[in-house]
Amino acid sequence: MAEPSRLLEISTPTGTARVHMFDVPRGVPRTTLVLGHGAGGGVEAWDLQLLASELPPIGIDVALVEQPWHVAGQKVAGSKAKLDSAFREVVSELRRSGEGLRRLVIGGRSAGARVACRVAADVGAAEVLNLAFPMHRPGRSYPNRAAEVATASQFCPVTILQGERDSFGSPVEVSQAVAAEQGSALVVSVPWADHSFKLPKKAPLTRIEAGIVLVETARFALLHRTGNEGLLMPR
């Protein structure tokens, strides 16, 4: 795991959350990215750790939010209401402390991605960046969670990085489901990757190359995407 610059403990209505802060090493941060983890693990997920390592050097502060249930050592995540309440309070406290006074982007992986979409409007996010959005349960295409993405997209731009082999919804499935709900999202496919962005042995690319897709997409989405219009524009 990458070593955070500092750890913050924040009281929420559902317990104490822990925020792993990865600060920009030099200069003034251009963006603060707040990411939540999934229901099957914590902030140690390799994709979260990768972004926390690679984004600060290019001007993006990263805050990995450990939900109270995980901090307390519980095995099962809380209800949607509890997850949303805790994440919302963490983001609000970061704003009050000055961390979120600059451009604020929120997101997460898997269940954390759903939380980010549900609270985006509440916290005034400038954008949502999600990893492995769980559109549906494996083996089932309906019911799906497309409405959560669509609702967030009415407030701010949404970018989703999705594994090509994700059993919770392929990139095409995610795009089609969101469009059916009259929403919009930039869905970027990570070749050969599953829900955890793991690659099979037969994959013609390496984990490092898959990581490049994650980091470069995040970089362009966070620094060069403007509103809900147009393409990703280089500097």
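Basis for what follows: all heavy atoms, side chains included, without hydrogens, waters or symmetry-related copies.
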Participant: Leu222 and side-chain contact (heavy atoms from CB on, under 4.5 Å): which single residue from Leu51, Thr217, Ile60 fits?
Facilitator: Ile60
Participant: What is the minimum heavy-atom distance between Gly163 and Pro171, and which atoms define it?
Facilitator: O-CD, 3.3 Å
Participant: Is there a donor-acceptor pair under 3.5 Å between the side chain of Gln74 and the backbone N or O of Ala72?
Facilitator: no
Participant: Below 4.5 Å, heavy atoms only, C-beta onward: do Leu94 and Thr32 meet side chain to side chain?
Facilitator: no
Participant: How long is the straight-line distance from SG of Cys156 back to CD of Glu127, given to the nearest 0.5 Å?
Facilitator: 7.0 Å
Participant: For residues 109-124, which residue pairs pass the salt bridge (charged side-chain N to carboxylate O under 4.0 Å, His left out) check, not counting sequence neighbours?
Facilitator: Asp47-Arg109, Asp84-Arg118, Arg88-Asp122, Arg114-Glu148, Arg118-Glu148
Participant: I'd like to check the salt bridge (Lys or Arg N to Asp or Glu O under 4.0 Å) partners of Glu173; sequence neighbours left out, ordered by chain and number.
Facilitator: none
Participant: Tell me, do Val34 and Phe87 make a side-chain contact under 4.5 Å, heavy atoms counted?
Facilitator: yes
Participant: Can you check whether Ile58's main-chain N or O pairs, donor with acceptor, with Arg30's side chain at less than 3.5 Å?
Facilitator: yes
Participant: Identify the two heavy atoms, one from Asn130 and one from Gly108, that lie closest to each other, and give their separation to 0.1 Å.
Facilitator: OD1-N, 3.3 Å
Participant: Is there side-chain contact between Leu50 and Glu54, with heavy atoms separated by less than 4.5 Å?
Facilitator: yes
Participant: Backbone N or O of Ala150 within a donor-acceptor pair of the Ser153 side chain at under 3.5 Å?
Facilitator: yes
Participant: Can you hop from Val71 to Leu8 via hydrophobic side chains spaced under 4.5 Å?
Facilitator: no
Participant: Is there a chain of hydrophobic side chains (I, L, V, M, F, W, Y, each step under 4.5 Å between heavy atoms) that links Leu33 to Val215?
Facilitator: yes
Participant: Out of the candidates Val190, Val188, Leu131, Val174, only one should pair with Gln162 under the side-chain contact (heavy atoms from CB on, under 4.5 Å) rule; please name it.
Facilitator: Val174
Participant: Between His136 and Tyr142, is there a side-chain heavy-atom distance shorter than 4.5 Å?
Facilitator: no
Participant: Would you confirm whether Gln49, through its side chain, and Val43, through its main-chain N or O, come within 3.5 Å as a donor-acceptor pair?
Facilitator: yes
Participant: Please say yes or no: joined through hydrophobic side-chain contacts below 4.5 Å, possibly via intermediate residues, are Val119 and Leu83 part of one cluster?
Facilitator: yes
Participant: By the ring-ring contact (aromatic ring centres under 6.0 Å, His included) test, which pairs, at least two apart or in different chains, include something from residues 24-66?
Facilitator: His37-Trp69, His37-His70
Participant: For residues 10-22, tabulate all N or O donor-acceptor pairs below 3.5 Å that involve a side-chain atom, not counting sequence neighbours.
Facilitator:
{"from": "Thr12", "atom 1": "OG1", "to": "Thr14", "atom 2": "N", "distance (Å)": "3.2"}
{"from": "Thr12", "atom 1": "OG1", "to": "Thr14", "atom 2": "OG1", "distance (Å)": "3.3"}
{"from": "Thr12", "atom 1": "OG1", "to": "Gly15", "atom 2": "N", "distance (Å)": "3.3"}
{"from": "Thr12", "atom 1": "OG1", "to": "Gly15", "atom 2": "O", "distance (Å)": "2.7"}
{"from": "Arg18", "atom 1": "NH1", "to": "Glu66", "atom 2": "OE1", "distance (Å)": "3.2"}
{"from": "His20", "atom 1": "NE2", "to": "Glu66", "atom 2": "OE1", "distance (Å)": "3.0"}

Participant: Could you tell me which non-hydrogen atom of Val178 sits nearest to which non-hydrogen atom of Ala146, and how far apart they are?
Facilitator: N-CB, 3.9 Å
Participant: Mind checking side chain to side chain donor-acceptor pair (under 3.5 Å) for Glu216 and listing every partner two or more places apart, or none if nothing turns up?
Facilitator: Arg219
Participant: Determine the minimum heavy-atom distance between Gly169 and Met135, stating which atoms define it.
Facilitator: CA-CB, 4.5 Å
Participant: Roughly how far, to the nearest 0.5 Å, is OG of Ser53 from CD of Glu3?
Facilitator: 10.5 Å
Participant: Which pair of non-hydrogen atoms, one from Ala120 and one from Ile106, has the smallest distance, and what is that distance?
Facilitator: CA-CD1, 3.8 Å
Participant: State the CG-CD1 distance between Leu186 and Ile160, to the nearest 0.5 angstrom.
Facilitator: 9.0 Å
Participant: Mind listing the closest non-hydrogen atom pair of Leu64 and Ala52 along with its distance?
Facilitator: CD1-CB, 4.0 Å
Participant: Taking the side chain as C-beta and beyond, is there a heavy-atom pair between Pro56 and Asp61 under 4.5 Å?
Facilitator: no
Participant: Check the pair Ser110 / His195 against side chain to side chain donor-acceptor pair (under 3.5 Å), numbers first and verdict last.
Facilitator: CA-CA 8 Å; Ser110 195; His195 189 63; 2.9 Å; yes
Participant: Without swapping roles, check the side chain of Asp23 against the backbone of Pro25 for a donor-acceptor pair under 3.5 Å.
Facilitator: no
Participant: Short question: side chain of Ser170, backbone of Asp166 - any donor-acceptor pair under 3.5 Å?
Facilitator: no
Participant: Show every donor-acceptor pair shorter than 3.5 Å between a side-chain atom in residues 197-210 and any protein atom, with sequence neighbours excluded, or say none if there are none.
Facilitator:
{"from": "Thr206", "atom 1": "OG1", "to": "Ile208", "atom 2": "N", "distance (Å)": "3.4"}
{"from": "Thr206", "atom 1": "OG1", "to": "Glu209", "atom 2": "N", "distance (Å)": "3.1"}
{"from": "Glu209", "atom 1": "OE1", "to": "Thr206", "atom 2": "N", "distance (Å)": "2.7"}

Participant: Do Leu35 and Val65 have side-chain heavy atoms sitting under 4.5 Å apart?
Facilitator: no
